[in-house]
4 protein chains.
Amino acid sequence: MRSENQSSGQKSRSFIEEARRAQIIASAVEVIAEVGFAQASLARIAQHAGISKGVISYHFAGKEELMEEVVNSVYGEIAAHVMARVEGVEGPTALLRTHILAVTEHMRDHRTRLKALGEIFYNLRTADGQPRYGVKANEELYQAMEQIYAYGQRTGEFRDFDRRVMAVTHSSAIDNMFAYWVANPDHDLDAHAAELADLFERACRR
Amino acid sequence: MRSENQSSGQKSRSFIEEARRAQIIASAVEVIAEVGFAQASLARIAQHAGISKGVISYHFAGKEELMEEVVNSVYGEIAAHVMARVEGVEGPTALLRTHILAVTEHMRDHRTRLKALGEIFYNLRTADGQPRYGVKANEELYQAMEQIYAYGQRTGEFRDFDRRVMAVTHSSAIDNMFAYWVANPDHDLDAHAAELADLFERACRR
Amino acid sequence: MRSENQSSGQKSRSFIEEARRAQIIASAVEVIAEVGFAQASLARIAQHAGISKGVISYHFAGKEELMEEVVNSVYGEIAAHVMARVEGVEGPTALLRTHILAVTEHMRDHRTRLKALGEIFYNLRTADGQPRYGVKANEELYQAMEQIYAYGQRTGEFRDFDRRVMAVTHSSAIDNMFAYWVANPDHDLDAHAAELADLFERACRR
Amino acid sequence: MRSENQSSGQKSRSFIEEARRAQIIASAVEVIAEVGFAQASLARIAQHAGISKGVISYHFAGKEELMEEVVNSVYGEIAAHVMARVEGVEGPTALLRTHILAVTEHMRDHRTRLKALGEIFYNLRTADGQPRYGVKANEELYQAMEQIYAYGQRTGEFRDFDRRVMAVTHSSAIDNMFAYWVANPDHDLDAHAAELADLFERACRR
DNA sequence: AATGAATGAGTGTTCATTCAT
DNA sequence: GATGAATGAACACTCATTCAT
């Protein structure tokens, strides 16, 4: 989302620096996904990347910035994937289904990244102890979903429900489908997604 | 060694000890709810309770035992409340609504307790690094919910959906309603619950 | 060794108090022998005795006094036993043999007590960090042994060696026979003692 | 990953790291010798070395590793010294004398190191509470001594005694000579050693 | 005479961060 | 750019001791 010209006092980063940052972010993702946020110390992340601990501090202002960059990185990927899949789909019901299935698709292929994302979302706190993300950070996502519902209500395909409640529920259903699948790897993710699509179609329709 | 209600080998606890344990558990709940699991050190819990750090170690075998007792305490409360509300309710649809509304009711009055419960559930790990609870610990809850769905499917009121998917979704919807409400205290919890009841009624019915 | 009248400002101890002290000392002996001095906390000693931790503090000024009483108690026993065995024995060589054999005899029957004694001797330190016993505490023992050697040298049965060196060596040989036996319970203690008697007889004789 | 003298999987240690390790080991030796094993906390060792507590944890995996390194370091020294002195000595009697005198020589110059060695030997326990060294750890030493005795018995210079008893006694005589000297610094160590040599020569000879 | 509760200093260990090289 | 060394605060936990009951 950064503008191409790197304006506004933002120092431009060299290619090599970007590569290092990417490497560290990737290592952080893997470590967090494997051992959980609390056990993901900088030492562990550095060791996993095969670099010195100091490098992380050199490239990131602190642990918090590293974590935020992980979130940005992973979040960007998933948004891009869903955007691409949803493009051109017509009608609110189809949109709803497509959204669920697209996210699921991405989950299947990026399990680790999403696991790490969830860990950080849930656990990262700012210096003053407040959750850095938390439910509030989903606001953007909720608004995107609400647009789909509003569209459906406008066309008359959807009944007159509370769009925020539906968005929160929809979002949580997907998050937990993922968590359940991570905990039970034999669980049939695609079947779960299909069930979910049915469920929300019925919940929404007139 | 006391009397009839002392099971074998279980050391009896004095009244004063029970009181202290309860006080410490309450303090732990408040601290966890406020600053999160990771920041809830024994020092902080003790300070919040206005007691010395050692007292906690004196009354609990370790941090793990304290956390487990918090879980037992809070989990017991909520189960008791829901059981009581659900008793005597007839028919799967009514059961479904009642369950959602009963849990919501309890949430309104025990916000911090439930917040703490969630934190521990999500974060507590055993000495070997494995999650102490985690999604798998919901198994019992899922099975209880599946019984309601099976009942509805038997009577023909409910359609033929995957009961496990519904249970996971249902459970996550309630958890996140709570989380959303904690993050947005002005949010109308009761209206949210009513919407949720509608949503799942529609998702389940034939 | 206390005079029968309990004079000199020393408060007399009731029968029940003496019994408790003896019980605590016995428990301390067993715990120290089993887990070593460093792991022998008051809590452990109290638990082993089936009493409350506070009782120990009530009956003894502190851990140091308890340890000293253990030493007095065990040391007294062994001295009494050897004294009795040695009485009436004639000639320095016979005296030497008898001493070694008498101590060994006592060891066989009071393994735990002697183990505890050794632990305290080696580990107990005063508040200022100095060893409470240590080699110096053997002075009394060394002098007793030196009397036997002097006797033998006077009669001409023993050659003209340094009596202090012999006493230190003799004493250490017995201590380590014991330690070796504790570490290797199948070791033949009596055979070891007999060998030791031969060894010192040859080392001493003209 | 450095060069030829790096065996497989063994991380190479920088010069500066080796220096720090050596400094910490030296500090540990001094502190243990002065205040005893039990009082030798990492905090004390760090303070004595004029460094932060964390440095020790940085350079050693834990207290146990530090202690083992102290043992290795000191034990290696003494073994090397005795080996060098004993080399080329002919005949069991001369070997016996040389061994005693060589060890004594080393003691005179490395008092604190040997004191620390003894403390660790006697006190260090593994995580499960078992002695890390203890009498059994002398096995190697005993076997070395037994070879000297067997040699003397083969040549006929030594009588037919139990070699294990002699080894235990010999070893303990030297240990206690040292302990006695530490407790009584004015004691004439060389004279003691000479007496000991006589003593064991007479105890062994036909 | 005995207890159980509480204390507070001390333990080894972990970790994000800093900094000279 | 990168490193490894060092820091110091924080962690859970242990323990001898004190004290009201």
Side-chain angles (χ1 to χ4, degrees), chain A residues 14 16-17 19-20 38-46 51-66 127, chain B residues 11 13-17 19-21 38-46 49-67 127, chain C residues 13-14 16-17 19-20 38-46 51-66 127, chain D residues 11 13-17 19-21 24 38-46 49-67 127:
Chain A
S14 73
I16 194 166
E17 173 151 19
R20 263 281 191 249
Q39 272 67 39
S41 66
L42 292 190
R44 219 157 174 167
I45 294 168
I51 57 176
S52 154
K53 239 178 10 165
V55 188
I56 300 180
S57 297
Y58 182 80
H59 287 284
F60 295 89
K63 196 178 190 183
E64 196 173 341
E65 197 206 320
L66 169 57
Chain B
K11 259 198 231 128
R13 268 193 260 279
S14 71
F15 168 74
I16 195 165
E17 170 150 23
R20 261 282 189 254
R21 283 174 67 97
Q39 271 66 41
S41 68
L42 291 190
R44 216 155 177 167
I45 293 168
I51 57 177
S52 152
K53 234 174 24 159
V55 185
I56 299 180
S57 295
Y58 178 79
H59 288 284
F60 295 88
K63 195 178 190 184
E64 197 172 339
E65 195 204 320
L66 171 56
M67 293 300 150
Chain C
R13 274 193 256 277
S14 73
I16 194 164
E17 172 153 18
R20 263 282 190 250
Q39 272 66 40
S41 66
L42 290 190
R44 217 156 175 169
I45 294 168
I51 58 175
S52 155
K53 241 181 2 168
V55 188
I56 300 181
S57 298
Y58 182 79
H59 286 284
F60 295 89
K63 196 180 191 182
E64 196 173 340
E65 196 205 321
L66 170 57
Chain D
K11 259 199 228 123
R13 265 193 262 279
S14 71
F15 168 74
I16 196 164
E17 170 150 23
R20 261 281 189 255
R21 283 175 69 96
I24 292 167
Q39 271 66 41
S41 67
L42 292 189
R44 219 156 174 165
I45 293 169
I51 57 177
S52 151
K53 230 174 26 157
V55 185
I56 300 181
S57 295
Y58 179 78
H59 288 283
F60 295 88
K63 195 180 190 182
E64 196 172 341
E65 196 204 319
L66 171 56
M67 293 300 149

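Being a predicted model, the structure only gives us computed values, none of them experimental. Naming convention: chains lettered A, B, ... in sequence-line order (proteins, then strands); numbering from 1 in each chain.
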Remember a base hit wins even if backbone is also touched, and classify [X] as base, sugar-phosphate or nothing at under 4.0 Å, heavy atoms.
X: Ser41(A); answer: sugar-phosphate
X: Ile56(B); answer: nothing
X: Ser57(C); answer: base

What's the [atom1]-[atom2] distance between [X] and [N], to the nearest Å?
X: Lys53(C); N: dA1(E); atom1: NZ; atom2: P; value: 22 Å
X: Arg21(B); N: dG4(E); atom1: CZ; atom2: C1'; value: 15 Å
X: Glu64(A); N: dT17(E); atom1: CD; atom2: C1'; value: 14 Å
X: Arg44(C); N: dT17(F); atom1: CZ; atom2: C1'; value: 19 Å
X: Ile51(C); N: dA1(E); atom1: CD1; atom2: C1'; value: 12 Å
X: Ile45(A); N: dC15(E); atom1: CD1; atom2: P; value: 11 Å
X: Phe15(B); N: dT21(F); atom1: CZ; atom2: P; value: 15 Å
X: Phe60(D); N: dA6(F); atom1: CZ; atom2: P; value: 11 Å

key: Strand partner of dA1(E), provided both Watson-Crick or wobble distances fall under 3.5 Å   = none
inquiry  = Using Watson-Crick or G-U wobble geometry with both distances under 3.5 Å, which nucleotide pairs with dT21(E)?
reply    = dA2(F)
Interatomic spacing from [atom1] in [X] to [atom2] in [Y] - rounded to 0.5 Å:
X: Ile45(B); Y: Met67(B); atom1: CD1; atom2: CE; answer: 4.0 Å
X: Leu42(B); Y: Lys53(B); atom1: CG; atom2: NZ; answer: 8.0 Å
X: Tyr58(C); Y: Glu17(C); atom1: OH; atom2: CD; answer: 6.5 Å
X: His59(B); Y: Ile16(B); atom1: NE2; atom2: CD1; answer: 8.0 Å
X: Arg21(D); Y: Glu65(D); atom1: CZ; atom2: CD; answer: 5.0 Å

For [N] and [X] - does any side-chain N or O of the residue sit under 4.0 Å from the phosphate oxygens OP1/OP2?
X: Tyr58(B); N: dA5(E); result: yes
X: Arg20(C); N: dA2(E); result: yes
X: Ser52(C); N: dG4(E); result: yes

query = Within the modelled atom types, does a donor on one side and an acceptor on the other bring the side chain of Lys63(A) and the base of dT17(E) under 3.5 Å apart?
reply = no
task = Could you say whether Gly54(C) or Gly54(B) is positioned toward the 5' end of DNA chain F, judged by the nucleotide with the nearest heavy atom to each?
result = Gly54(B)
ask   = 5'-most contact on DNA chain E: Ala61(A) or Ala38(A), nearest heavy atom basis?
value = Ala38(A)
Give the nucleotide from the list [options] with an atom nearest to the side chain of [X].
X: Leu42(A); options: dT17(F), dT3(E), dA16(E); answer: dA16(E)
X: His59(C); options: dT3(E), dA2(E), dA12(F); answer: dA2(E)
X: Glu17(B); options: dG1(F), dA5(E), dA1(E); answer: dA5(E)

request  = Can you see which heavy atom on Phe60(D) is nearest to which on Ile24(D), and at what distance?
outcome  = CE1-CG2, 3.7 Å
